[in-house]
Amino acid sequence: MPHIQAEAVTIEFPLYHLGARSLKKRILANSPLRLRQDEASRIVVSALRELSFRIAPGERVALVGHNGAGKTTLLRTLAGVYEPVGGRLEVAGSIGALIDPAAGMDPHATGRENIVLRGLFRGLGEAESASLAEEVGAFSGLAEFLDVPVRAYSAGMSVRLSFAMATVMDPEVLLMDEWFLAGDADFMQRARAKLEALVSKAEILVLATHDMSIVREWCNRVIRLDAGRIAQDGSVTEVLGEA
Amino acid sequence: MPGARPEALYVFDARTPRRRAAALGDIATGVRRWRLSFALASLDIRNRYRGSVLGPFWLTLSNAVMIAGLGLLYSSLFKMSLVDYLPFIAVSLITWNTINAIVTDACTSLTSAEGIIRQLPLPYTVHVLRCVWRNAVIAAHSLPIILAVFALTGAWPGWEALWALPGLALLAVNACALALFLGMLCARFRDIPPIVGSVMQLAFFLSPVLWKPELLGPGKAEWLVLNPFYVVMETVRGPLIEGGASPGVWASACLFTAAMAGLALGFFIRFRGRIAFWV
């Protein structure tokens, strides 16, 4: 059964390359809340501090909180990018991460080449990746621009391509940042249908967002992060109040 | 599709990190997915020479000019006939330039992939292999020079030239180990790349690249087996121009390679989990 189990998961970012000792002192003196010195007297930012939670199948979890509260860091940790320095993390089920739309995109390669590359990133074979290009190309609606280098795309076009590439999957655990809200209106309608299908097929959704109307619409549980800790955890009405 | 797999499970426990299994798994997955690293390397090469008419053959051309120039100068300095010296300098210089390019590129094998490392959970081995592929393909563009020089001077090697293949294998192992080790070290300590640059420059003059080892004279040339750059280079160069490398050179090259691979692996096992924070 897909599930996420976190026990006291802690992530600390060491600030390397800070340079002089005096600078170090000044930084520590100014912000004693989340910056501290570890045993090796490095300055570290406590990004996530002893988070414990369990997400069961069927749960649609929204991560809310201020900028820098640790939402994206938590998504990346769940995706396996960052290894926790403390605690235990267990993610059962295939993971699909929609964190950065442009991750692994080569601006000098054409849209089609980027789709094939994305397929290889996912561990597909070349033939599978090539057939992926047809599917993604059709969905993105880029038509003849599919064979143009991505750096010649408009911002909206690259969002469409990223979105189309990122959503061609069938994960059990879907991790999503709120970037997918960009894009022109016509495309957003199709994107919405696609997202709805993706979300309804996934057993678990973890969504980092600032937009409370999205939370109310898509999610059934809210975890509010504040300065790397869980401030509130409960159903949407418990955390956000009645709409 | 990821969903088609059986139950996928990702477990990480900070108290029992199981670093060795994670590192070995990383290498195994990275090697199995060599197509990805090769595709990325091909794109790197294409991007680097985008819009250029000759592309990577610029390197061939500059190597050819350098070999012709240095060949003329040093054959008269060393009082050797050009026909004897030219095959030596051609193989020597191309091998050295390959080693030099790999070592220099190894420093940025991980930092240049920062955008991917922080967004996608991918084996780090993919970035390491990408760096090695990239340099291997570029180096292959200089092979025609060696063939041309052999044809010009009539100094075709015999079947013993096939010994260069194990030599190239040793070079490849070293390249992977270096791209892993230096890639990690340079991600953590940003002062390393300039140091590596200086060391490589010094090594170029201290190693027998332009001069033949015999010039050192008896009693001194034997000490050259302690120079890792020389022994690794000689396992490729020796078979091509001198009918083979001495057993001492092979032994030393194998030892240095094993040590380098061991060091890189040890470092990778210990610090793999930190790379995402370093880049």
Exercise. Does NZ or CZ of B/R274 fall inside the cone over B/F277's six-membered ring, less than 6.0 Å from its centre and within 45° of the axis?
Worked result: yes
Exercise. Checking B/L120 against chain A: side chain, backbone, both or neither under 4.5 Å from a heavy atom?
Worked result: both
Seminar exercise, completed: When the 4.5 angstrom heavy-atom criterion is applied to A/L75 and chain B, the contacting part is neither
Seminar exercise, completed: Comparing A/M105, A/E126, A/K201, A/H108 against chain B, the one with the most heavy-atom pairs below 4.5 Å turns out to be A/H108
Exercise. So does A/E113 pair up with B/R46, basic N to acidic O under 4.0 Å?
Worked result: yes
Exercise. Within the distance-only criterion (no hydrogens, no angle test), does the side chain of A/S94 pair as donor or acceptor with the backbone N or O of A/E172 below 3.5 angstrom?
Worked result: yes
Problem set entry | Contacting moiety of A/T77, where chain B heavy atoms sit under 4.5 Å | backbone
Exercise. Does any heavy atom of chain A fall under 4.5 Å from the side chain of B/R33, the backbone, both, or neither of them?
Worked result: side chain
Problem set entry | Structural part of B/R50 lying under 4.5 Å from a heavy atom of chain A | side chain
Problem set entry | Structural part of A/A109 lying under 4.5 Å from a heavy atom of chain B | both
For this session: Using a 4.5 Å cut-off on heavy atoms from C-beta on, say whether the side chain of B/L265 contacts that of B/I269.
Result: yes
Exercise. Is the NZ or CZ atom of A/K194 both under 6.0 Å from the centre of the six-membered ring of A/F163 and within 45° of that ring's axis?
Worked result: no
For this session: Scan A/R54, A/H3, A/Q5 and name whichever one has a side chain to side chain donor-acceptor pair (under 3.5 Å) with A/E90.
Result: A/H3
Seminar exercise, completed: Turns out that what part of B/I117 lies under 4.5 Å from chain A's heavy atoms comes down to backbone
